Amino acid sequence: MPELPEVENIAQGLRHEILKCGVTRMQVIQPAIIRFPRNWRKITKRFVGDNIEQVARRAKRLIIAFTGGGAILIQLGMTGKVLVADADAPVVKHTHVRIRLSNGREVRLIDPRRFGRVWFFAHLDSVHPDAEMEAAGMGRLGPEPFDVTPKKFREILQSSRAVKTHLLDQSRIAGLGNIYADESLFAAGIHPATPAAAIPPAQADKLCRTIKSILRRAIRHGGTTLLDYRNAYGEMGRFLKMLKVYQRTGRPCHVCHTPIQRLVLGGRSSHYCPKCQPLFQKI
DNA sequence: ATTTCATCCTGGAGGC
DNA sequence: TGCCTCCAGGATGAAA
């Protein structure tokens, strides 16, 4: 699903396609996905006439900023897609927002499962989170994985919960989802059920490194398409075939040929190699 | 304060 | 083929 690498790829695609373009209309088809503000109808009108000044990513969220100082924040959820299409191209089912551009194209937010959310900001202050940012929970996000030093990471791991569950907690470290959490733990040789605080320092440092390297590789390969994910051009990610454990239950480990196992932690399936990923115990 | 858990939602998969 | 049930899971907000 759209985790950090997928959102980064969408952001890169959007930068090529829509930067500097003028907004001619902003249309909300499915109001249920708009989380902020309540009177979003007024806000959307204010963007008309602005140009798209910046496309940014924070964790798994996408930010499209306008020259008028406003911005739209998009959280893709499970099945959200952001596509650039010709404005007169057929509109598929579950298209919730359309941002018409001056060049005859448009940005479309498509999300069958509707776990995605959208916030409109009249003014975006990127330095000091204001009330609007707070409404979107941006202040509760943990650091970007690439900004986390080994020392900081060892602090993050001070918790009794399973490390897998902990890595998915966006308030601790922001951007990992189920796929890359499992893959990072495999690369670091750590059992997903290991209590976070029980991980020895050397393994913690290794996990800190593997998280970054897995994310970087996934970004380079266009992210992972299991089913729904598409980049801004509608293309699938190519990282699926590089997955070592995720959704490979029962199939042989690439390293030792032991069957990959599946375990439910915090209500999420975790995939791991029982031989390559020892369970560290004791606090 | 921290952590767990049900909930949102649709489409795809598997059973019969 | 068609119906039914189950399942996937990111983030949230309530509950423990």
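Worth knowing before you read on, the calculation uses all heavy atoms, side chains too, and leaves out hydrogens, waters and symmetry mates. Naming convention: chains lettered A, B, ... in sequence-line order (proteins, then strands); numbering from 1 in each chain. Everything quoted here is computed from the prediction, not taken from an experiment.
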* To do: State which of B:dT10, C:dA11, B:dT4 makes the closest approach to the side chain of A:Arg161.
  => B:dT4

* Structure fact -> Between NZ of A:Lys164 and C1' of C:dG9 the distance, given in whole Å, is 10 Å

* Asked: Under 3.5 Å, side chain of A:Asn231 to main-chain N/O of A:Tyr233, donor-acceptor pair present?
  -> yes

* Send over the distance from A:Leu4 CG to C:dG10 P, rounded to a whole Å. => 13 Å

* Structure fact -> Taken to the nearest whole Å, CD/A:Gln75 to P/C:dG9 is 17 Å

* Does atom NE2 of A:His254 have more than 12 heavy-atom neighbours from other groups under 6.0 Å away? -> yes

* To do: Among C:dT12, B:dG11, C:dG9, find the nucleotide with the atom closest to the side chain of A:Asn178.
  => C:dG9

* To do: Would you tell me if any nitrogen or oxygen in the side chain of A:Tyr246 comes within less than 4.0 Å of OP1 or OP2 on C:dG9?
  => yes

* Asked: Is any side-chain nitrogen or oxygen of A:Thr79 closer than 4.0 Å to OP1 or OP2 of B:dC9?
  -> no

* Asked: Starting at the 5' end of DNA chain B, which residue's closest nucleotide do you reach first, A:Pro112 or A:His166?
  -> A:His166

* Check the distance between B:dC9's P and A:Leu76's CG and give it to me in whole angstrom. => 18 Å

* **A:Glu144 side chain vs A:Phe146 backbone, donor-acceptor pair below 3.5 Å** => no

* Spell out yes or no: do the side chain of A:Arg268 and the base of C:dA8 have one donor N/O and one acceptor N/O closer than 3.5 Å? => no

* Should the heavy atoms of other residues, nucleotides or ligands under 6.0 Å from CZ of A:Arg57 be counted, would the total exceed 12? -> yes

* Structure fact -> Ranking C:dA8, B:dG12, C:dA11 by distance to the side chain of A:Arg262, first place goes to C:dA8

* For C:dG9, does either OP1 or OP2 sit under 4.0 Å from a side-chain N or O belonging to A:Ser269? -> yes

* To do: Tell me whether the OP1 or OP2 atom of B:dT10 has a side-chain N or O from A:Lys93 closer than 4.0 Å.
  => no

* Structure fact -> A:Asp228 atom CG is separated from B:dG11 atom P, nearest whole Å, by 10 Å

* Asked: How close or far is atom C1' of B:dC9 from atom CZ of A:Arg117, stated in whole angstroms?
  -> 11 Å

* For A:Arg61, which contact category applies under a 4.0 Å heavy-atom criterion: base, sugar-phosphate, or nothing? -> sugar-phosphate

* Asked: Can you tell me if the side-chain N/O atoms of A:Arg172 get under 4.0 Å from OP1 or OP2 in B:dT3?
  -> yes

* A:Leu157 has an atom CG; how far is it from atom P of B:dT3, in whole Å? -> 12 Å

* Residue A:Met78, side-chain heavy atoms: nucleotide from C:dA11, C:dG9, B:dG11 that is nearest -> C:dG9

* Structure fact -> From the candidates B:dT3, B:dG12, B:dT10, the one with an atom nearest any side-chain atom of A:Leu227 is B:dG12

* **A:Arg161 backbone acceptor or donor facing A:Ser159 side chain under 3.5 Å** => yes

* Nearest-Å distance for atom pair CZ/P, residues A:Arg140 and C:dG10 -> 18 Å

* To do: Using only side-chain N and O atoms of A:Arg114, determine if any of them is under 4.0 Å from OP1 or OP2 of B:dT10.
  => yes

* To do: Establish, with yes or no, whether the OP1 or OP2 oxygen of B:dC9 is under 4.0 angstrom from a side-chain nitrogen or oxygen of A:His94.
  => no

* To do: State, without any angle test, whether A:Thr79 and A:Asp111 hold a side-chain donor-acceptor pair at a distance under 3.5 Å.
  => yes

* For A:Phe115 and C:dA11, do the ring centres fall under 5.5 Å apart while the planes stay under 30° apart? -> no

* With respect to the side chain of A:Thr165, which nucleotide from C:dG9, B:dT3, B:dT4 is positioned closest? -> B:dT4

